[in-house]
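Please read the structure below before turning to the comments.
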Amino acid sequence: MEDRGGNDVPASIPSGEQMVWADVSPLLAAACNDLHDGELIHGENFNLFAAMSALEIMDPKMDSGMERNGFHSIEEAIESGAAPIPLSLDRTVDVQRCIDVMDHLLSCETTWHRGHSLAQTVFSCIYLLRIERTATHPLLHSYCRIMRSTCDVVITAVSDARTHEEEDFFTTAYSLPLKGDGDEKCLSLLNSVEETVSRQLRACKAQASRKKLCDDIGSLQTNPDLEEGYCRAVLCRLRFRKHFYHALVCMRKPKGRGLELAKKHVMSCLSELGSMSKSVEFLRSNAGGPSDGEIECRTTASGKQPFGFDANINSRLSAPTPPRAIQLLSWKQAIEFFEKLLNDLDAIFSLPLDLSLENILQFLVQFQKSQPDLVARAHLQLLLVQDGKLYGKYPFHVVISRALVLPEGTSDQAFQENEFVVQLGQLTINLIKILCTNNAWQRRKLGKILQDWGVISIQQLELAFRREFDETLKVSADEMLFTRLSKRLLVWAEEKTYWIASRFLLLGFQLELYSPKEYCMVYWYMYIIFVNLLEKMQMRASYPVDDSRRKGKKKRDIAKDVGLESGVCAMCMLLQCYIYISEGLTMMLAALHNERQNFKISSPFNSEHERFIQHFELLQRANVPPHISYHLFMESTTHVRISNVVKHNYFREVQRILASLRGSFAGDSNKLLELHQLEQVIEHNRIALSVIDQVGASDPSLEIRFEFQHHPFFPVAVVKRS
Amino acid sequence: MEGETASDPIADGSPLVSRVRKLLFRRMLVGVKDGRFFLGSFHCIDKQGNIILQDAVEYRSIRRSPQSPMEQRCLGIILIPAACRSSCHVDCSINEQMSLLSII
């Protein structure tokens with residue numbers, strides 16, 4: 001590399017007043033020569049630890065400003081013709097290249113969503129960095145504008161949800177031109193371009209039928225044979241952007257008002273994505289690009305390298321990322337990514353906008369099963385909790401009072417101001433927000449909030465007892481009421497606590513945190529949590545519904561309430577199935593543990609006791625449920641034998657309940673699917689148990705594994721004879 | 001950790017080393033081989049000539065032409081390996097400059 005330093009100090013770097021720049025290179029060289037090995041010249045404030053964090057200049061992994069053989073600045077790139085406008089003087093090539101830019105931007109956008117900085121992805125586009133230049137090219141200009149606005153909308157939504165700290169998503173747009181004058185017009189710009197192109201497409205079709213040559217005025221490009229194909233390719237890309245932008249904006253409308261419209265836009269988006277995929281063949285045949293094999297990893301549909309991108313051009317802006325090169329996702333992957341994202345968004349529209357917290361929690365669990373993207377999760381969270389209210393409409397004390405069935409005579413005012421109701425409302429908001437985060441973070445947070453819920457329960461309990469004690473001395477109607485209310489609040493809070501605990505344990509399976517040798521203790525703990533949860537659910541369901549409240553309601557509402565109770569009943573029965581299966585699995589595993597050596601934990605590092613603590617520490621600390629210890633686990637599992645397990649037949653009971661549950665869940669495809677899965681689990685395990693029993697559990701030729709092939713958290717035992 | 005490899009200023013015999021020590025904390029401008037300059041406070045130098053600057057600012061031409069305007073950004077603490085250093089200046093008065101030059 002050319003030595004351009006020399007003795008010249010650039011005039012733009014001034015020395016101090018009445019000072020000059022004196023060359024000290026010879027002095028330094030001579031002094032270094034005099035230094036001993038390992039000796040340093042430094043001041044008193046020198047700290048080796050701090051010095052270690054120094055950015056090493058000219059290290060390609062650290063020095064983002066390092067001169068690569070690219071352009072020094074965006075202006076220089078533009079002057080060198082890296083981003084020409086128009087993209088070619090040949091109008092056909094111009095449209096081709098414009099489509100390549102659109103496609104590459106989609107790949108960039110996907111790569112950004114998947115964890116790279118905005119500066120290295122979407123904003124590697126020189127057109128986007130100097131958007132005003134593109135004004136003379138309406139097609140490119142409109143696409144760039146809406147692209148930029150979409151990024152802004154996405155960043156705003158994700159930042160507002162404030163749960164992205166542990167996600168691979170960069171909301172930092174440090175010194176990038178993310179917003180600009182005229183962005184609010186992006187839709188009208190896009191609409192007018194779309195209108196022109198669709199008119200042209202109609203004209204093409206009409207002319208094709210009359211076998212006339214294409215009129216050059218208003219056409220997209222000059223080759224009449226290709227006009228229709230290019231019009232279609234451009235239109236679906238523009239429309240995709242339009243609907244995607246609309247969908248995101250509609251989803252942010254307060255109180256879920258824009259949901260219906262957003263759903264339509266999401267559907268349109270999906271169909272435009274389909275059209276984009278179809279355009280591949282046409283674009284490739286005209287591009288004369290690489291062969292099919294290579295095209296899979298290309299970032300454009302045509303397979304060509306796009307104009308106007310330089311991955312390094314603003315590497316100095318990408319402060320939070322090291323300046324290493326990134327691999328962009330291919331166009332095909334981008335299409336798949338957006339399909340998934342749109343389907344995740346679509347799942348949100350099936351959210352029942354009702355007040356039932358049970359339904360919301362169930363929905364969230366179901367929603368998370370497909371591991372939705374952060375953008376979808378952020379939107380769901382923003383929809384659920386707006387301004388501290390459910391859907392921005394219902395204060396959380398109303399949500400809680402709905403779930404509770406308030407005792408007769410409770411005034412809304414008193415309930416709303418009750419300090420526990422206020423606290424529980426806050427805890428519920430947190431819970432909903434946490435359930436919208438990714439699985440790993442969710443599990444950790446759930447483990448932590450268990451303590452908060454636990455504390456509430458204890459306080460409630462104390463208060464309820466104190467009031468009860470007071471009752472014997474001095475009874476006032478208000479206090480009686482308060483006591484009854486407290487008890488119900490307590491049961492409700494405890495039920496939610498056990499629900500959180502069960503979710504915490506179940507997420508461990510999704511995150512693959514348990515090893516097969518630990519399954520026994522996990523199912524044992526799950527069994528206990530489920531039993532407690534069922535007890536609280538039944539207690540809550542057993543509260544007599546206040547008649548005076550019912551009288552005021554219309555008949556329709558009463559029907560709803562009854563529906564809710566039968567729903568609770570069905571959930572209780574499903575939970576009962578979980579209890580039996582967990583118990584059955586615990587006993588089966590314990591028996592195998594006792595009778596077969598290879599199911600014993602024999603690690604030189606952690607004993608079984610230590611593992612028990614590692615897995616359930618958060619539950620134990622929150623006292624959920626109280627008085628559960630490793631010794632209790634040991635006591636209940638040490639003497640189990642396969643023959644006992646077979647005799648007891650935990651799984652048969654489940655079969656009976658499942659059969660009766662089918663009717664209750666008719667119409668709920670997710671629940672019916674789960675019933676089917678559970679049936680598979682118990683059937684397989686029943687057979688496995690009897691095989692093990694017949695052959696003898698200690699038979700060394702028997703190979704037993706547990707696999708989650710039917711249900712996400714209940715395994716089946718796979719038995720083989722070698 | 002601090003100063004484990006530090007030399008003892010009193011026991012140090014070389015007059016050149018003590019002169020360089022006097023330059024510590026002064027504004028130092030280091031040019032590197034790709035044409036950039038770094039201006040910061042002189043913090044440390046080792047036997048190999050690797051320099052650490054504190055509160056450094058990077059100056060970089062935005063065009064290839066020699067008269068190109070420069071853009072700058074703050075980097076904080078940086079290490080400039082001797083191998084990529086092409087020039088090194090300190091900010092000083094004219095008198096001081098003469099004495100510095102007379103050393104060699």
Side-chain angles (χ1 to χ4, degrees), chain A residues 1-10 12-13 15-16 18-59 62-63 65-68 71-76 79 316, chain B residues 1-7 14 16-17 19-21 23-25 27 29 31-39 43-49 52 58-64 68-71 73 75-81 84 86-94 96-97 100-101 103-104:
Chain A
M1 201 174 282
E2 186 195 354
D3 184 347
R4 281 179 287 175
N7 286 329
D8 300 334
V9 174
S12 50
I13 310 174
S15 51
Q18 300 211 333
M19 305 277 257
V20 288
W21 285 118
D23 187 2
V24 289
S25 310
L27 169 65
L28 290 182
C32 286
N33 214 20
D34 283 0
L35 284 175
H36 304 294
D37 279 340
E39 205 180 338
L40 301 171
I41 300 176
H42 60 73
E44 281 172 5
N45 65 342
F46 182 80
N47 177 327
L48 193 61
F49 190 69
M52 297 283 274
S53 66
L55 206 67
E56 189 172 330
I57 298 305
M58 296 300 269
D59 177 342
M62 287 198 219
D63 184 7
M66 202 172 119
E67 190 55 57
R68 295 177 180 84
F71 301 109
H72 284 222
S73 65
I74 301 164
E75 277 62 39
E76 196 182 75
E79 283 159 24
R316 280 161 306 112
Chain B
M1 176 137 331
E2 190 175 336
E4 270 173 20
T5 51
S7 57
S14 164
L16 292 171
V17 171
R19 278 187 172 270
V20 172
R21 185 163 287 118
L23 298 178
L24 285 168
F25 309 115
R27 287 212 318 154
L29 181 66
V32 297
K33 288 190 171 163
D34 70 351
R36 283 177 296 163
F37 285 90
F38 297 93
L39 177 62
H43 189 60
C44 175
I45 187 166
D46 64 5
K47 180 166 174 60
Q48 286 71 32
I52 295 180
E58 175 195 61
Y59 287 84
R60 182 173 180 277
S61 336
I62 58 171
R63 306 228 172 165
R64 280 183 197 283
S68 153
M70 299 198 109
E71 62 175 9
R73 60 171 180 154
L75 292 181
I77 183 162
I78 59 167
L79 165 69
I80 303 166
C84 62
S86 62
S87 70
C88 186
H89 294 79
V90 281
D91 202 16
C92 62
S93 66
I94 296 175
E96 209 181 349
Q97 185 189 22
L100 274 171
L101 286 174
I103 289 163
I104 311 296

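Heavy atoms only: backbone and side chains are in, while hydrogens, waters and symmetry mates are out. Chain identifiers are assigned alphabetically (A, B, ...) following the order of the sequence lines, protein sequences preceding nucleic acid strands; residue numbering begins at 1 within each chain.
Both the backbone and the side chain of B:C92 come within contact range of chain A, each with at least one heavy atom under 4.5 Å from a heavy atom of that chain. Only the side chain of B:L39 comes within contact range of chain A, judged by heavy atoms closer than 4.5 Å. For A:E56, the parts lying under 4.5 angstrom from a heavy atom of chain B are both the backbone and the side chain. Heavy atoms of B:L24 lying under 4.5 Å from chain A belong exclusively to its side chain. Of the two parts of A:A29, neither the backbone nor the side chain holds a non-hydrogen atom closer than 4.5 Å to a non-hydrogen atom of chain B.
In this structure the side chain of B:R36 reaches within 4.5 angstrom of the side chain of A:D63, judged on heavy atoms. Inter-residue side-chain proximity for A:P10 and B:F37 is flagged as met; some heavy-atom pair is nearer than 4.5 Å.
Between B:S93 and A:M19, the shortest heavy-atom distance links the atoms N-SD, 3.6 Å. The nearest pair of heavy atoms linking A:A31 to B:V17 is O-CG2, 3.7 Å. Taking all atoms of both residues into account, the shortest heavy-atom contact from A:C32 to B:G49 is SG-CA, 3.8 Å. Shown here for A:I57 and B:P81, the closest heavy-atom pair between the two residues is O-CD, 3.4 Å. Contact detail for A:W21 and B:Q97: the closest heavy-atom pair is O-NE2, 3.9 Å.
Rounding to the nearest 0.5 angstrom, the gap separating the SG atom in B:C44 from the CG atom in A:N47 is 11.5 Å. Between the CG atom in B:L79 and the CE atom in A:M58 there is a gap of 12.5 Å [rounded to 0.5 Å].
With respect to chain A, the highest number of heavy-atom pairs below 4.5 Å among B:L23, B:I52, B:D46 belongs to B:D46. Across B:D91, B:I94, B:L75, B:V20, the residue that shares the most heavy-atom pairs under 4.5 angstrom with chain A is B:D91. Of the listed residues B:Q48, B:K47, B:R27, the one with more heavy-atom pairs under 4.5 angstrom with chain A than any other is B:K47.
Classified by interplanar angle (parallel below 30°, tilted 30° to 60°, perpendicular above 60°), the ring pair B:H43/A:F46 is tilted.
Using a 4.0 Å cut-off between charged side-chain N and carboxylate O, B:R19 and A:D34 make no salt bridge.
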